[in-house]
Amino acid sequence: MVLSFCWKPFWESGLGDEKRDPKGKVKGLMWYKDLGEHVYGEFSMAVMQANGVIEDQSQLESGAFGSHSQSPFGTFVGVYDGHGGPQAAYFTNNNLFLNFKRFVCEHQEVSEEVIKKAFLETDDEFLSIVRKQWIQKPHIASQGSCCLVGIICNGHLYVANAGDSRVVLGRTERYSRGLRAMQLSTDHNAKMETEREDLQSLHPHDPDIVVQKHKVWRVKGIIQVTRSIGDSYLKSTEFNRDPLPAKYRVPEPYMKPILRAEPSISVLKLQPEDQFLIFASDGLWEHLTNQEAVDIVDNSPRNGIAKRLVKAALHQAAKKREMRYCDLKKIDAGVRRHFHDDITVVVIFLDQQQVHRSSFINLPFSVRGGGLSEG
């Protein structure tokens, strides 16, 4: 017997829906899990809704990555920030980890190749759904999701990212107080000069591949993120026509996909100085710097820390609009999107003794789909 559990907070039609996670707590528009356990330590999660229908999705899966006795085990964290609607993020939340496990079983290891295959397979599967539904539901072709994944396995951290969600490491520095914030993922957003240069090199004959509109850089003048799951209308010309709404259509035909689902992947050998990881959608990073977030975690109790980070971001959002936090809390979902985005935060604490052990003990419970049951 081994530990095997997952946290998958998700809602079909907002936090008020009865399908919300029964074991997480809900307060207003926030879902949160104050503290739980994964195979390498503890974790905390929180999700704040801003859109009329929540577009952020997230999951934490911990245990064996396959059914074979020699299957690798570890902790898998996913943060999926949807845009244009919720379907791509929902689909990614329900399928990416399954694809990852399938490729782990085929290769009998966790590797960059396995992770890349899982991303591309998930994107292809969603494209197939779009192809079947888009005539009746054309808007699905314009739905996409940023996809940030972290996998802790065999003393290493694998970070894979397509979009502008972000993971930040809190690391102890010698001869200094506090922890240093280290960003471990690349922001795939057109506001980054490196991303604009990358797109221009991939599309040398398209002078409008990235344009600035109202002081904001956008791919084809439409979207800010440069990589994603979904956004099929920018990956296949078959959707660049009626019945897709005109505002999503690219004026001229394109010969190759404009956006890609291929993630940037990095591998880090975890060190004794590595204390925790903060995975979050850009709704958090719009209001807190990397170092501010690390300092909050470093100087606060673990219990409820993800919720505390969300509240810190909301305080900053209120301050930017010159309003009181208590007044921001009264604003309903939908209207609230004018003040801040959906926010997802997952904080993973690292117990170094557990991170570097070759086996792990069974804990007497498992979690599936957010429900807690005795193991």
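Side chains are part of it too, since the values below use all heavy atoms of this structure and drop only hydrogens, waters and symmetry mates. Model, not experiment: these values are computed from the prediction.
- Side-chain atoms of Asn95 and Thr122 include no donor-acceptor pair closer than 3.5 Å.
- Applying the ring-ring contact (aromatic ring centres under 6.0 Å, His included) test to residues at least two apart or on different chains, none of the pairs has a partner in residues 208-229.
- For Gln59 and Gln57, the side-chain atoms include no donor-acceptor pair closer than 3.5 Å.
- Partners of Arg260 under the side chain to side chain donor-acceptor pair (under 3.5 Å) rule, at least two apart in sequence or in another chain, are Asp198.
- Between Lys101 and Glu61 there is no salt bridge, since none of the side-chain N atoms of the basic residue sits less than 4.0 Å from a carboxylate O of the acidic one.
- Ring geometry, Phe276 versus Phe349: the interplanar angle exceeds 60°, so the pair is classed perpendicular (tilted spans 30 to 60°).
- For residues 222-246, the ring-ring contact (aromatic ring centres under 6.0 Å, His included) pairs, not counting sequence neighbours, are Trp134-Phe239, Tyr233-Tyr248.
- Taking 4.0 Å as the cut-off between side-chain N and carboxylate O, Glu262 and Lys116 count as a salt-bridged pair.
- Shown here are the side chain to side chain donor-acceptor pair (under 3.5 Å) partners of Arg336, two or more places apart in sequence or in another chain: His340.
- With a 6.0 Å radius and a threshold of 12 heavy atoms from other residues, nucleotides or ligands, Lys213 has its NZ atom at or below the threshold.
- Within a 6.0 Å radius of NZ in Lys320, other residues, nucleotides and ligands contribute more than 12 heavy atoms.
- In the model, Ser236 has a side-chain atom that pairs as donor or acceptor with a side-chain atom of Glu238 under 3.5 Å.
- A donor-acceptor pair shorter than 3.5 Å can be found between the side chains of Asn290 and Gln183.
- Using bins of under 30°, 30° to 60° and over 60° for the plane-to-plane angle, the ring pair Phe65/Phe100 lands in the perpendicular bin.
- The aromatic rings of Tyr40 and His38 stand perpendicular to each other, their planes meeting at an angle above 60°, with 30° marking the opposite boundary.
- Residue pairs satisfying the salt bridge (Lys or Arg N to Asp or Glu O under 4.0 Å) criterion with at least one member in residues 64-83, sequence neighbours excluded, are absent.
- Glu173 meets the side chain to side chain donor-acceptor pair (under 3.5 Å) test with Arg180; sequence neighbours excluded.
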